[in-house]
Structures are given as C-alpha cells and as structure tokens.
Amino acid sequence: MKLNRRVFLVSGLAIGGGLGVGLGLVAAHDPRNEQQEGADADGSLVALWIQIRSDNTIRVLSPHTEMGQGAHTGLRQIVAEELDALWEQVHVEQAPADSSFSNGAIIQGFVLQDKVLSGFFQRVLDNAFFIGSGLADVQMTGGSTSIRFTGWKSMRIAAAAARQLLLQVAANRLGVELEQVETRDGKVYDKKSSTSFTYGELAFDAAQLPVPQNPILKNPKQYRYVGKSAPRNDLAEKVFGRPVYGMDKAIEGMLHVAVKGTKAIFSEVLSIDNEEDILTRRGVKAVVIVQEGVAVVADNPWRAEQAAKAVKFTESKPMHANLSSSQLLSEMKIAIQDPNRYSIVEERGDVDSIQEGTLIHANYFVPFLAHATMETPNITIWQEDGVVHAACGVQNPLSARVYIAKKMGIPVDQVVFHPHTMGGGFGRRAGGGDDMYNYITQACTVFQRVQQPIKLSWSREMDIRFDRYRKQSIARYEGRVSDDGVILLWDVVSYGEVNIPDDAIPAYDISNFRSQNVHEETFVPYAYWRSVEASIHCFYNECFVDELAGAAKIDPIQFRLTHLTQDPRMCRVIESARDMAQWKYGVDDDGSAMGVAAYSLFGSYCCQIAKVSMVNGKPKVHDVWCAIDCGTVINPDGVIAQMEGGMIFGLSAALYGRIDIENGGIVQSNFHDYRMVRMADAPRLHVRLVPDGSFPGGVGEIAVPHLSAAVANAMALLTTRPRNLPLIG
Amino acid sequence: MMRYHIDTDVFERLLSQSFAQNEKTMNLRVNGKDYIIDVEDEMPLLWVLREELGLRGTKFGCGKGMCGACTVHVNGKAKRSCVTPVSTVYDSSIRTIESLGTEANPHPIQQKWMDLAVPQCGFCQSGMQMAAVAFLKEHQKKDTRAEPITDEMIRRSITNICRCGCYERIRTAILQVGES
C-alpha cells in the first residue's frame, strides 16, 4: 500500500453542542491539501475524539477496547493532562465500531509519516485482513499501540489544540492578549482579574475557530496526571463482578448455541448421524451444520453443550488429516538445512570466512501455542429495528462488524456492533491472522438459520482446539567467541515468518552477523500471540548469547554489556535488574542459580533475572527481577501491572505451553493438558521502572518473551541446558 | 457368537426421559433469597445461577472444575459451580459475588483488591475473590490463636487460574487482609 495520505487536526461542533477535536484524514495527492486545514479538509473524518460539552464535561472516545491493559485510564490521564482538566471532568467511552473511529489511517498515515511503522503494522494493514477490507475497517487494539499512538501521538496533540482554542475564545471575550489568560482545573482564568470561564462556556465558540495544526504542548515538568499512578477506570466494576463481558450479554428470547468441532481442523461435516435423537433432548431447538462442526441451539447453554457432545457426525478427510506437528517439525528440520530455501533477514561483515575462536552450535525449538483467554470465544447476534446487532468482545470491533456483514451478505450499515470488555485478548481477538473469526462464522450460519436471538459460546475444548496458533519454530545457530570474550560470529537460520526484523535480530555488537529464515506455509492457522515474533526470537537469541558467554567463561551480564556499546538504554535496564537482584553468577549455596534475558520490543527495553532451583528434576522459579524502560511512563502502577502479568504469561509458555497436532487436529483441550502457571508456581515478582523520558514505548507485550530464556539460562547452570520449549513437558 | 450391542443413543434417551419424569420444582437459596427452579438435577449450579437466576457475575472458564472462575460459596466453603450438580446444593446456602459487598460497603477483600488494583481483564476475579474469602474464613475458623497466614498457605490453597497473571497482587492482598 502506497502512502498517499496525510492526517490533520480537525475541529468542529460536536453532536449536542460544544467543541470536538480529533484527527482528520486527507489524501496527500490532492493539491488542495497544503492549503486546507482542519474540518474543511477534503477527506474522511477519522475521529472526533475529544468533545468538550456545554455542561463542562469532557468526553473522550477511545477506538481501543479493554482487555485488562488499562488503556482507557492512560488515555484519560493524557487528555486530562494536556487539557489542564479536572480528573472527574474527563470521561472515556468506548467509541462505536464505525469507520469514523477507524485507527487504521492513524497508524498508516500519521504514524508512518513519523517513520515508526513496523513490519507488524504493515502486515496488519496490508496482508492480514483476509476479508479484503480496507484501511477504514481497522479499529485495532494490538501491537502495544493505544498509549503510544492513539494517546501520545494523537489525543495529546488534539487536547493541546482544544486547550489553545479555549484560551483564544476567552482572550477574545475579555478583549485581552492571549498571554493574559491561562488554563487551570477545567477553566480559563484571566491572570489580572478574578474572571474565569468554564471550558463548557467557551466550547461552542471554540468550535467556530480554525484549529491550530501545531499546538503548543505542555512542559513535562508541569505534569500532574501523567507519570502518576491513577486508579483504573474499570477497577470497581471488576471487583464487584459487574462488567458485562460478551459472554454475559442477554437478549430477550435468546437461544444458546454450543458447537461440537470436527476431529481435524478445517474438516467439513458431511452428515449428522443422530439429528432426530438430539432434537428430542430437553430444550434443544435446532441442529445446524456449521464450519468445522455441528452447532446445537437450545434454551440453556448447558443443555446446548450436553446435546452438542452427544452429536454424532461424519466428517470429510482433508489433505492434512494425516499430518502431525512432529511431521511438520521433521519437514522444518529439512528446510533449514537447504540454503536454496533461505532468505536473508540481515547480514553484516564476512560470515563465511571466520575460523577463529571457540565454535558453538545450538538448535532450538519452540512449539505451537494457544491463547487460552479466560473468556472463551463467544458472540451474541439478534435483529432489532430492522438491522442485525452483534455483541462481542474483540480487539478490532470495526473489522468484526465488516466481517459479519460480509458473512451475512448484507451492507455494513445494516450491522450494529456492540464492543464489550474482554476476558483477555492476547492476540486471539485481534482480527489479524488466519480466519480469526471462525466462531463468528459459525454464529452467522446459525443466526441465519434460526432467525432468533442467539448467543454462541465455545467450551474450553473448542477454544483450545480451534484457536489460531503461535507458530512452531526451530532455529539453527552457529557462533564463535574469542578467548577474551568477543563474539566473532553469529550465524542463524530460523524457520518461520519474520515480519518484524527488529524483533528477530539481537541488539549486540557483532561484526560478522547473519540472520536467515525459511518460511513455508502450513495448514495450521496462525494468529498473533502476545509479543508476536519476539516470543520466539528472544528465546533463541537470549539463550544463544548465554551459550557464547558460557563458552568464553564470562559472567553473562558482563558479556552482554560489553556487546551493547551502541545501546545505552538496554545497558541501563540490565544494570538495573542486576542491582535489584543482587546478581550472582553460578550455582548459589542453596542450590539455586540466576538466569538473565534482555530484549527490546515495541519501543521499550526490559531485562529480567530469574532465580531458579531444580526440584524433582523440574525448574522452580522463586523470584524474578524486572527492569523496564518504556520511555515516558503515563501510569506507573499500570506499567507495573503489565510487567507482572506479562511475566506470568511468559512463564506459563516457558514452563508448560505446548500445542501438538495429530491426525490434523489439536491434541490438547483444556487446562489439564494446556497448563497455566497458578499461585503455587508463581514466583515473587519485583519490578523497577527506569524510564528515560523519551517517546512512550509499549508495555502490554514487552514483559512476555524474556522468562523462557532467563529460566533456561539458569537451568543451564544447574543441569543440562534446555534448548526446547516448554521447559517442563 | 452372540454379542450385545448397547445402542448408546437409545440408552441416553431413556435416561433423559427418566430424568424428565423425576423433574420437580425445587427451592434454591442464593444470597439469602429463595428461588423456585425447575431444571434437571444434574445441571451444574453455574448455569442455574447464570441463566435461571440471571446472576452472571460468576463466570464459566473451563467446565471441568480446573480453573476456578466459577467459584461460589456453598455453606461458606469455596465450591466450583461448573461441576456442582444443582441437586447436591438444594439444601445449602449459596453465596455469589453479587452479595459479597457493595461499593458503599465492600468486603475487606474487595476493598484490598481495589487498593492494590488487582484485576486486569477481571474475568477470573469473581471466582478468585470468592476463593480468597473462603480461604481466610476457613483459616480463621481453624485456629483461634490466629496463626499468621503465610505465603505458602496461600500457594497451597488458592488454585484458581488468572490468565492475566495477577498472582503477585492477589497474594499480597490476601496476606494483608489476613493480617488485619
């Protein structure tokens, strides 16, 4: 996709009166662009995000959905800060799933101009939307973007512009110079008299003025909300059990749908063998063949589920019905031995002629992973006022809405989508990947058949077996290190897509470096999994650098620091974690050992140190120390919460995470064979924020990838070095 | 040679018919209120709470009693409602998140949960808080000399899954409420 758009600040009269400020989009090839400003620009309005209403309330419309990351609270802080508003004055609301609130354009147009668009977004925007929808259909919460781009790059600027307009109107009314008025606590004050106006009183007139395109931003020294912990907006709701997740949606006369899936994924149900028996069960209303299974419609979810379990059907035998993940692995092993299939991710120096130093070989493996959000996939669909309504928690409401319209063969404006807070997302609900909305497809089929309000909810078994998976991958490393501890060679071939080279390439100074990859599509459906490709490459790179340090008999922290001369931010988080942990290299007197990993991701830098013992041949993680530099911190406690949660998420994958495929279907099915870290094996977590005050980095994903490597590196000191995940089978 | 064929479909149908004959309206006591319900004896309490009584604060997580998202109190003890047939609790007192506390009068666990900003996505938190409250109650009952609640005790007793990984704060919250 060629960039031919520009984003402008726009303002205007908000619905219901008052001032609205947001970002508007114009096509850059339009010669009129350069002259046009704001609301007059010839382009689609991206969003009127910030509305200052006549009652002096400030309404912030967030395109992002909540899944526990606290983005709405961070956005509230940013807007309250830049507008000099009172905390209570600012209300953040979920924007509707409407193209007016698409953020695809923000990411593509606004962000790309700032040259921070990564391959990740390129994929999201250009390739991943298998439904063939355009930029205007993207309303994405993913890739650690909410605070960085919507908040810091967009809403902050819009808020500053709104503040400037309010100042201007007040100065005009008072007939004084702009310098004589100031904002404080949601009001504009005359510095020389006691006169003041509330924002609400000024908003209507402010909407008539042209919006400043380069508003003056607040000096960070004056911040009162940004950088201070704020309670999450949804905290009380969640503590009292009141949020309405998609699964809690209830519509008058709603029927419940449960699905029994096929044995192999992407298999087709040819016939139902006991439909009549199923229909005689209590509460059962219909039995419907859907994509990859049979759906049972009943008056209660448990009756539907019991009936679905009893369904017997005959399914097709797709090409992959004999395939297994171990066969795929064998094929991968052959592929990474064949240079004809490689492509180069990055190459520096002269890799082929280096013969000095100690030679180290290592082969690593990471398995397929499922997301296992606590709330299993579900959607409620009903008809009201002649249009289709759908209620569902997704990371990309607009794309889900467009998807439903396409599935039902109706125009998009005939679908109203109600985004709900999510019981976890982790990429499963992001809409970028292979057939992400498989549960929505099934629900659409059922709804069109029964023509009654329905809620389709998946069992945990359906969730695990029909997820879209983090890819299985392998890598073959070859490296050389000199006796005095200098990396002479780093040569890697990995299997799997590399969309984000930055996440695959280590930050270390290595003069002779080559990273190559092989990627061939398999039948296994893929989706982003929290931290995306770093979840794979951090394990490889951070284990291998440790192996090189070990070969040189150098403290792995010292070894890392000496190879990071160009990366002061990474050095700082490593030193900080080292000091917190009171780092000790080698096996301690109590039989434990520490392992380290450091990685940067989505603009943030993080180092984690794990203290590990072997208990009955298995790793037991006692403590993890985590230092994070995410540039500018908006909500410190929110960042700490994301670090804590990210580490546990990463540890579940490191210790237990593994999806296997046999006969074309997923072997695992529930928490007994797809295990999670629980309280009993959750280490004590110690987080320190060491922000450097630069542009905010993402925090939702950065803490995830490290522990697989850090724990493996500790285990290497205690037992044989593990090179395959998970660390406990 | 003769073999017996058991037609499982027919068998299941007969079984469900026999259950149907046994149907009777029953009384269920939840959060201090009595409800008359008419469901199969084997329907898990979870689905009675959520669908028959509209108490949707209690969540479905795994359906196998493994994750604890569905934890409620039955006679003051933590119980995984997704694997508790409703017929086994007809004579019991059931308590759900909806009656644990209110914003005006939160349970000490809820207050601490807010003070420490425990929840992230929040989906497991109803069950997690119910498990925590039952744990504290059981401990206090067990030992009147108030043996301090330890990290290890919490690790042993709280087995609920939190996919967002809020364990550090959950443990801290329980310890602090246990101390007070």
Side-chain angles (χ1 to χ4, degrees), chain A residues 67-70 231-232 234-245 247-248 250 256 274 277 280-282 300-303 305 310 312 372-376 421-426 457 459-461 637 641 644-649 651-652 670-672 676-680 682 684-685, chain B residues 9-10 12-13 16 19-20 39-40 43-44 46-47 50-52 54 56-64 66-67 69 96-98 100-103 106 110 113-114 117-126 129 151 154-171:
Chain A
M67 49 191 154
Q69 82 280 35
R232 287 243 312 277
D234 53 3
L235 202 51
E237 288 283 301
K238 286 177 174 173
V239 165
F240 294 102
R242 285 198 308 251
V244 179
Y245 299 89
M247 193 173 274
D248 304 325
H256 296 269
N274 60 343
D277 290 339
T280 60
R281 296 175 71 108
R282 179 173 174 183
N300 172 292
W302 176 76
R303 290 186 188 120
E305 186 64 37
K312 291 184 177 134
T373 57
M374 278 315 284
E375 180 193 13
T376 54
T421 193
M422 287 168 271
F426 317 127
S457 315
S459 63
R460 179 59 63 194
E461 287 76 12
D637 190 59
E644 292 169 349
M647 286 190 271
I648 298 294
F649 195 91
L651 189 60
S652 282
N670 207 320
F671 293 126
H672 64 289
M676 299 292 141
V677 165
R678 297 173 193 247
M679 190 72 86
R684 287 179 295 267
L685 305 175
Chain B
D9 288 345
V10 172
E12 276 185 17
R13 195 164 67 220
S16 70
F19 277 125
V39 297
E40 298 88 324
M43 184 181 285
L46 171 68
W47 298 112
R50 286 179 58 85
E51 302 305 325
E52 300 293 318
R56 294 193 176 83
T58 306
K59 305 301 183 198
F60 166 82
C62 69
K64 298 276 169 66
M66 289 189 282
C67 76
T96 70
I97 187 71
E98 282 85 356
L100 192 60
T102 59
E103 257 164 306
Q110 290 175 309
W113 241 245
M114 287 190 280
V118 170
Q120 290 186 25
C121 89
F123 198 80
C124 74
Q125 294 295 336
S126 297
Q129 290 183 103
D151 207 76
I154 299 171
R155 287 174 179 280
R156 262 201 314 273
S157 304
I158 305 290
T159 56
N160 296 33
I161 292 176
C162 172
R163 185 66 170 132
C164 299
C166 306
Y167 300 116
E168 181 77 17
R169 292 178 190 222
I170 293 165
R171 202 167 56 232

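Residue numbers start from 1 in every chain, and the chains themselves are labelled A, B, ... in the order their sequence lines are given, proteins ahead of strands.
Checking A/Met247, A/Met422, A/Met67 one by one against B/Phe123, the side chain to side chain contact (heavy atoms under 4.5 Å, CB included) holds for a single residue, A/Met247.
Of all the heavy atoms in A/Ala680 and B/Arg155, the pair that sits closest is O-NH1, 3.3 Å. Closest heavy-atom contact between B/Ala117 and A/Asp637: CB-OD2, 3.6 Å. B/Ser126 approaches A/Gly241 most closely through the heavy-atom pair OG-CA, 3.7 Å. Of all the heavy atoms in B/Pro106 and A/Phe240, the pair that sits closest is CB-CZ, 3.8 Å.
Distance check: B/Ile161 CD1 to A/Ile648 CD1 gives 12.5 Å after rounding to the nearest 0.5 Å. For the atom pair B/Cys121 SG and A/Phe426 CZ, the distance stands at 6.0 Å (nearest 0.5 Å). Rounding to the nearest 0.5 angstrom, the gap separating the CG atom in A/Leu235 from the CD atom in B/Gln110 is 11.5 Å. In this structure, B/Met43 CE and A/Arg282 CZ are separated by 6.5 Å, a value rounded to the nearest 0.5 Å. Here CZ of A/Phe671 is found 7.5 Å from CZ of B/Arg163. Values are rounded to the nearest 0.5 Å.
Partners of A/Asp234 under the side chain to side chain contact (heavy atoms under 4.5 Å, CB included) rule, at least two apart in sequence or in another chain, are A/Glu66, A/Arg232, A/Lys238.
Contacts of B/Thr96 with chain A are absent, with no heavy-atom separation under 4.5 Å from either backbone or side chain. With a 4.5 angstrom heavy-atom cutoff, A/Pro231 does not touch chain B via any of its atoms. Interface remark: B/Leu46 contributes no atoms to any contact with chain A (heavy atom separation under 4.5 Å). Of the two parts of B/Cys166, neither the backbone nor the side chain holds a non-hydrogen atom closer than 4.5 Å to a non-hydrogen atom of chain A. Only the side chain of A/Asn300 comes within less than 4.5 Å of a heavy atom in chain B; its backbone stays farther off. Within the 4.5 angstrom heavy-atom criterion, no atom of A/Glu237 approaches chain B. Contact of B/Leu100 with chain A is not made at all, since no heavy-atom distance falls under 4.5 Å. Contacts between A/Thr421 and chain B at a heavy-atom distance below 4.5 Å are absent for every atom of the residue. Of the atoms belonging to B/Arg156, not a single heavy atom falls under 4.5 Å from chain A. With a 4.5 Å cut-off on non-hydrogen atoms, B/Ala69 touches chain A through its side chain but not through its backbone. Heavy atoms of B/Glu103 lying under 4.5 Å from chain A belong to its backbone as well as its side chain. Proximity to chain B (any heavy atom under 4.5 Å) is restricted, for A/Ser652, to the side chain, taken from C-beta onward.
The candidate with the highest count of non-hydrogen atom pairs below 4.5 Å against chain A, out of B/Thr102, B/Asp151, B/Ile170, is B/Thr102. Counting heavy-atom pairs closer than 4.5 Å to chain A, the top residue among B/Cys162, B/Cys67, B/Cys124 is B/Cys67. For the set B/Glu52, B/Met114, B/Glu98, the entry with the most heavy-atom pairs within less than 4.5 Å of chain A is B/Met114. Contacts with chain B were tallied for A/Met647, A/Glu461, A/Gln69; A/Glu461 has the most, counting heavy-atom pairs under 4.5 Å. With respect to chain A, the highest number of heavy-atom pairs below 4.5 Å among B/Cys62, B/Cys164, B/Gly57, B/Ser157 belongs to B/Cys62. The most heavy-atom pairs under 4.5 Å with chain B, out of A/Arg460, A/Arg684, A/Met679, A/His256, come from A/Met679. Across B/Gln120, B/Arg171, B/Lys64, the residue that shares the most heavy-atom pairs under 4.5 angstrom with chain A is B/Gln120. Interface summary for chain A: among B/Arg169, B/Gln129, B/Arg50, the most heavy-atom pairs under 4.5 angstrom belong to B/Arg169.
A/Tyr245 is listed as a side-chain neighbour of B/Lys59, based on a closest heavy-atom distance under 4.5 Å. Using a 4.5 Å heavy-atom cutoff, the side chains of B/Met66 and A/Asn670 are in contact. Under the 4.5 Å side-chain criterion, counting only non-hydrogen atoms from C-beta, B/Phe60 is not in contact with A/Ser457.
Taking the centre and axis of the six-membered ring of B/Tyr167, the NZ or CZ atom of A/Arg678 falls outside the cone set by 45° and 6.0 Å.
At a threshold of 4.0 Å, the pair B/Glu40-A/Arg303 counts as salt-bridged, since one of the basic side-chain nitrogens sits closer than that to a carboxylate oxygen.
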